[in-house]
Amino acid sequence: MHIVVLPGDGIGPVTTATSGVLRAASERFQLNLRLEEHAVGHASLKQFGRTVRPELLDIVRAADGLVLGPTATFDFKNEAHGEINPSRHFRKNLDLYANVRPARTYAGLSGRVGDFDLVVVRENTEGFYADRNMEQGNGEMLVTPDVVISLRRITRLCCERIAHAACRLAMKRRKHLTIVHKANVLKLGDGMFLEICRETAKAYPGLGIDDILVDAMMAHVVRNPDRFDVIVATNMFGDILSDLTAELSGSLGLGGSLNVGDSHAMAQAAHGSAPDIAGQDVANPVSLILSTALLLGWHGENSGAVRYEEAARAIEAAVAKAIGEGRATRDVGGKLGTIAAGAAIAEILQAG
């Protein structure tokens, strides 16, 4: 399996720790992983004059998967000056329409609201995200110095494919899907999203569904998260909800994230580049490590090579064991730095 690794900005060393875990998994399960590293973000801007150089997209398309480290997306505002948002660039150009974000609690780490295990499936290509919902230009406009208009795009195609992605995942888990929306106010856009999700679910026998307004959902997931299995939502609602569920599990640093399309997938931590702690060796590498486990599992399912799915499960188990033993970063009760925490997970993985 050929994986392109883009370390990113700020707390990019979480990518170094992650690569160490991938190499350990490759050795144990004979995955024959080939990691090809390229600069992206500020390092690329300094070296090439662009945060993402043009040929990188073709390099990624030719690979079996992509690992994108944390990038300083808020810093990149002017594409005419080469300041391209790497995350948006790959999500849009590879049509990575489903953002899969699991959240679960771990033995040895007290969750904030009790034990739970759920997955948020977020539509990834349109919605309120002004930088990705237009073919050209931006969906946010400054009409006068005092007036801004933001456009949201909701399409039948994107609703249908994210609904199918969520239903397929729910059928592999506990066969329950919760649709999160705001159709009482956004009657057309969220009304269509809700209708399509309900209709799509009928094609999956035995799948139970319910739907909850997004504001009420925030209360429900804090009060009783273990009632939920797979949750599907439009872009912004899913983004906010998945950050909340990751933090409720113990830390945003525990939130794995996989961006998936029909032909490509990108592992990406749920958190950002955290420049305030860059260079301190304190960032939690688990989010990106779990994201790469999802990437291996996706490749294994698509290729039929079960050893990749076995490796994914083993990485997840090694993360759980490391957290349970306190061999982790400080945000989750440990005392290790970024690199040492990654090495601990790799050591557990190698030990079998």
Side-chain angles (χ1 to χ4, degrees), residues 9-10 41-42 45 49-52 68 70-99 101 120-163 179-197 211-219 221 231-244 247 252 257 259 268 270-276:
D9 306 302
H42 281 297
L45 187 63
R50 295 172 63 91
T51 54
V52 183
L68 177 62
T71 55
T73 55
F74 192 73
D75 294 350
F76 308 135
K77 298 179 173 64
N78 192 337
E79 290 201 7
H81 292 166
E83 297 177 358
I84 299 164
N85 178 336
S87 177
R88 180 204 60 81
H89 181 75
F90 291 113
R91 290 184 189 194
K92 185 169 183 176
N93 285 290
L94 299 176
D95 198 21
L96 305 178
Y97 58 83
N99 186 201
R101 293 191 174 186
V120 176
V121 180
R122 163 197 174 198
E123 201 291 318
N124 212 21
T125 59
E126 55 178 16
F128 276 120
Y129 283 71
D131 66 344
R132 68 195 65 165
N133 65 13
M134 305 287 282
E135 180 63 27
Q136 289 186 342
N138 194 292
E140 195 168 48
M141 295 161 283
L142 185 65
V143 180
T144 75
D146 302 312
V147 178
V148 175
I149 294 177
S150 299
L151 301 178
R152 182 176 79 142
R153 185 188 75 185
I154 300 292
T155 63
R156 181 167 297 275
L157 169 64
C158 291
C159 291
E160 288 175 346
R161 62 187 186 176
I162 198 63
I179 309 161
V180 173
H181 61 94
K182 192 64 176 173
N184 61 329
V185 175
L186 301 168
K187 296 180 183 296
L188 296 179
D190 273 31
M192 183 170 72
F193 175 76
L194 176 59
E195 177 189 357
I196 289 172
C197 287
D211 67 90
I212 302 178
L213 294 173
V214 65
D215 45 338
M217 183 64 177
M218 298 302 168
V221 82
I231 302 164
V232 65
T234 54
N235 203 336
M236 184 171 288
F237 295 162
D239 195 6
I240 295 168
L241 183 58
S242 59
D243 277 7
L244 173 63
E247 185 63 28
L252 185 58
S257 174
N259 303 277
Q268 181 183 23
H271 55 73
S273 62
D276 56 319

Checklist entry - Does Phe76 have any ring pair (Phe, Tyr, Trp, His ring centres under 6.0 Å) partners at least two apart in sequence or in another chain, and if so, which? => result His42
Checklist entry - Can you name the salt bridge (charged side-chain N to carboxylate O under 4.0 Å, His left out) partners of Asp190, sequence neighbours left out? => result Arg152
Item to check | Results of side chain to side chain contact (heavy atoms under 4.5 Å, CB included) for Leu94 - residues two or more places apart only | outcome: Leu57, Val60, Arg61, Phe90, Leu96, His264
Item to check | For the student: nearest non-hydrogen atoms of Ile84 and Pro86, plus distance | outcome: O-CD, 3.0 Å
Item to check | Sequence-distant partners of Lys92, side chain to side chain donor-acceptor pair (under 3.5 Å), two or more places apart | outcome: none
Checklist entry - Between atom CD of Glu79 and atom CZ of Arg50, what is the distance when rounded to the nearest 0.5 Å? => result 8.5 Å
Item to check | Non-neighbouring partners of His89 that pass side chain to side chain donor-acceptor pair (under 3.5 Å), sequence neighbours left out | outcome: Asn93
Item to check | Flag, side chain of Thr125 to backbone of Tyr97, donor-acceptor distance under 3.5 Å | outcome: no
Item to check | Flag, side chain of Asp9 to backbone of Gly41, donor-acceptor distance under 3.5 Å | outcome: no
Next on the checklist: Contact between Lys182 and Asp215 at the side-chain level, heavy atoms closer than 4.5 Å - yes or no?
Outcome noted: yes
Return all side-chain donor-acceptor pairs below 3.5 angstrom for residues 143-151, not counting sequence neighbours, or 'none' if the list is empty.
from: Thr144; atom 1: OG1; to: Asp146; atom 2: N; distance (Å): 3.1
from: Thr144; atom 1: OG1; to: Val147; atom 2: N; distance (Å): 3.2
from: Ser150; atom 1: OG; to: Glu140; atom 2: OE2; distance (Å): 3.0

Next on the checklist: For Val120 versus Gly238, what's the shortest heavy-atom pair and its separation?
Outcome noted: CG1-O, 3.8 Å
Item to check | Nearest atoms (heavy-atom pairs only) where Leu45 meets Gly82 | outcome: CD1-O, 3.9 Å
Next on the checklist: Surrounding CG of Leu142 (heavy atoms of other residues, nucleotides or ligands, distance under 6.0 Å), is the total greater than 12?
Outcome noted: yes
Checklist outcome for this item: Applying salt bridge (charged side-chain N to carboxylate O under 4.0 Å, His left out) to Glu195 and not counting sequence neighbours gives none
Checklist entry - For Arg153, which residues count as a side chain to side chain contact (heavy atoms under 4.5 Å, CB included) partner, sequence neighbours excluded? => result Glu126, Asn133, Thr155
Checklist entry - Looking only at atom types and distance, does a side-chain atom of Glu123 sit under 3.5 Å from a main-chain N or O of Asn235, one as donor and one as acceptor? => result no
Item to check | Reported CG-to-CG distance for the pair Leu244 and Leu252, which is rounded to 0.5 angstrom | outcome: 10.5 Å
Next on the checklist: Within the 4.5 Å heavy-atom criterion, are Ile240 and Met218 side-chain neighbours or not?
Outcome noted: yes
Checklist entry - Does the side chain of Phe193 come within less than 4.5 Å of Ile179's, by heavy atoms? => result yes
Checklist entry - Looking at residues at least two apart in the chain, or sitting in another chain, which of them share a side chain to side chain contact (heavy atoms under 4.5 Å, CB included) with Asn78? => result Ala80, His81, Glu83
Checklist entry - salt bridge (charged side-chain N to carboxylate O under 4.0 Å, His left out) with Asp95: which residues, sequence neighbours excluded? => result Arg161
Checklist entry - Can you list the residues that meet the side chain to side chain donor-acceptor pair (under 3.5 Å) rule with Ser273, with sequence neighbours excluded? => result none
Checklist entry - Considering all heavy atoms of both residues, which atom of Ile154 and which atom of Cys159 are nearest to each other, and what is their separation? => result CG2-SG, 3.6 Å
Checklist entry - Less than 4.5 Å apart, any side-chain heavy atom of Thr73 and any of Arg88? => result no
Checklist outcome for this item: On a heavy-atom basis, the closest approach of Asn184 and Leu213 is OD1-CD2, 3.4 Å
Next on the checklist: Tell me every residue that passes salt bridge (charged side-chain N to carboxylate O under 4.0 Å, His left out) with Asp239, counting only those two or more places apart in sequence or in another chain.
Outcome noted: Arg101, Arg122
Item to check | Smallest separation among heavy atoms of Ala270 and Ser257, with atom names | outcome: N-CB, 4.2 Å
